[in-house]
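As structure tokens, the structure follows; a few thoughts come after it.
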Number of protein chains: 2
Amino acid sequence: MDVRTICLGILTRGDATGYEIKKAFEDGGLQHFVEASFGSIYPALSRLTDEGLVSVREEVQEKRPDRKVYSITPAGRAALIGALMKPLPEDRHRSPFIFAMLFADLLPPARVRMLIDRYVAQSERKLAQLELRAREPLFAGERFAIDLAHTMYTAMLDFLRKRHAEFEGHTLQAAE
Amino acid sequence: MDVRTICLGILTRGDATGYEIKKAFEDGGLQHFVEASFGSIYPALSRLTDEGLVSVREEVQEKRPDRKVYSITPAGRAALIGALMKPLPEDRHRSPFIFAMLFADLLPPARVRMLIDRYVAQSERKLAQLELRAREPLFAGERFAIDLAHTMYTAMLDFLRKRHAEFEGHTLQAAE
DNA sequence: GTTTGCATGTAAACGGTTACATGATTGG
DNA sequence: CCAATCATGTAACCGTTTACATGCAAAC
């Protein structure tokens, strides 16, 4: 999903600044699935404003830059729903880890074990985040997304731990 | 992983043309994780040739455009291993489906059910592909990658089927 | 007869990231 | 004292996708 649509989505949950939109996904356990950088969020919000899909009010602050608080307009809501009613693009899961594992036979066994260990550790952190998030009050859709992510990470970790154990003591060399 | 590295990786398994490199991932069950288009593969191969990481030989063909068969050079092999020894970038799983589910409460219930149905069907197709692939002789690393992908899709499907059943007859409206 | 497969390549457009610029406040 | 948080924005760059250009052969 493009950054424009992501912004609209978050704004359906309440008004927010560009900064807050970024934060909304950053530590929600869903960064893996939806993310955007400032360099894309700010221009997106300007354009959405020009197009009347969101509106802005400026809150003057002392000792801090003024905040621009964005609200979604009825047209924006319609645009979001429109985007979600069209055929969705397919998921793309770009995984440097899986790519590297594909060529495990070219790497020193210690490197392969390290790669797996790190990926396990990373996934454990994500799982922990998801569990924290799951304790908060959520919209049903968010609950669904978080539970799905939880399921996938759990399955992956089980697999990784099992296979990692199998690597102990021997290498992942070419096999037929 | 960038297209350059992907090309190098495939060429460690044997010489190939740009066309074949594209095909190598396209139906291997791993498209979800690694992919590239012609528009990026051909320029990447030219650049790799200029840099001495691959070499080309041209095979003249009648009634078809000549094929340019690429081979990885020792320098190319070293470059690939170098890339796999550096810290890997994190996975990014961009999922329009999960994004849409996050806003399920804004959509007609029929649309939500349809979204899930389609995602289930898509995942079943991917699983079938993976199972086909798993029957072929594979490098250990490929086996690992395919089994991992299989594990994740299976877990996801179980989850989706279970939840879908729960949706029958009622909607995914806002909850607290 | 139309689609799919084989085969290469370029150019424009796109969407996004990274780095830069600025700067006070708060918490460790 | 240093890092993180809050806060906005621009510009350069990057990698990739999409569309275009070309064209025969085989399969359905």
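A, B, ... follow the sequence lines: proteins, then strands. Residue 1 opens every chain. Note that the structure is a prediction, hence the values are computed from the model and not measured. All values below come from the heavy atoms of this structure, side chains included, with hydrogens, waters and symmetry mates left out.
Regarding Asp66(A), its CG atom lies at a distance of 18 Å from the P atom of dT22(C), rounded to whole Å. Rounded to whole Å, atom P of dG9(C) lies 16 Å from atom CZ of Arg47(B). Between Ile41(A) atom CD1 and dT17(C) atom P the separation is 9 Å, expressed in whole Å. What separates OH of Tyr42(B) from P of dT17(D) is a distance of 15 Å, to the nearest Å.
Side-chain proximity of Tyr70(B) to the nucleotides dA7(D), dG15(C), dG9(C) is greatest for dG9(C). With distances taken from any side-chain atom of Glu20(B) to the nucleotides dT16(D), dA7(C), dT8(C), the minimum falls on dA7(C). Candidate nucleotides dT8(C), dT8(D), dG9(D) were compared by shortest atom distance to the side chain of Lys68(B), and dT8(C) ranks first. Set against dT17(D), dT8(D), dG16(C), the side chain of Ser37(B) has dT17(D) as its closest nucleotide. In the set dT8(D), dT17(C), dT8(C), the nucleotide with an atom closest to the side chain of Ser40(A) is dT17(C). When the nucleotides dT17(D), dG9(C), dT8(C) are ranked by their closest atom to the side chain of Tyr19(B), dT8(C) comes out on top.
Residues Phe144(A) and Phe159(B) bring their aromatic ring centres within 6.0 Å.
Where the helix from dG1(C)-dC28(D) to dG28(C)-dC1(D) starts and where it ends, the local axes point in directions that differ by 60°; five pairs per end, rounded to 10°.
Across all strands shown, Gly18(B) has heavy atoms under 4.0 Å from sugar-phosphate atoms exclusively, and none from any base.
Contact check on Glu35(A) versus Lys22(A) returns no salt bridge, with no Lys/Arg side-chain nitrogen under 4.0 Å from an Asp/Glu carboxylate oxygen.
Neither side chain, His32(A) nor Asp91(B), offers a donor N or O lying under 3.5 Å from an acceptor on the other.
Residue Thr17(B) has no polar side-chain atom (N or O) positioned under 4.0 Å from OP1 or OP2 of dC6(C). Using a 4.0 Å cut-off, some side-chain N or O of Lys23(B) falls inside it from OP1 or OP2 of dC6(C).
Both tests hold for Arg13(B) against Phe139(B): distance to the six-membered ring centre under 6.0 Å, angle to the ring axis within 45°.
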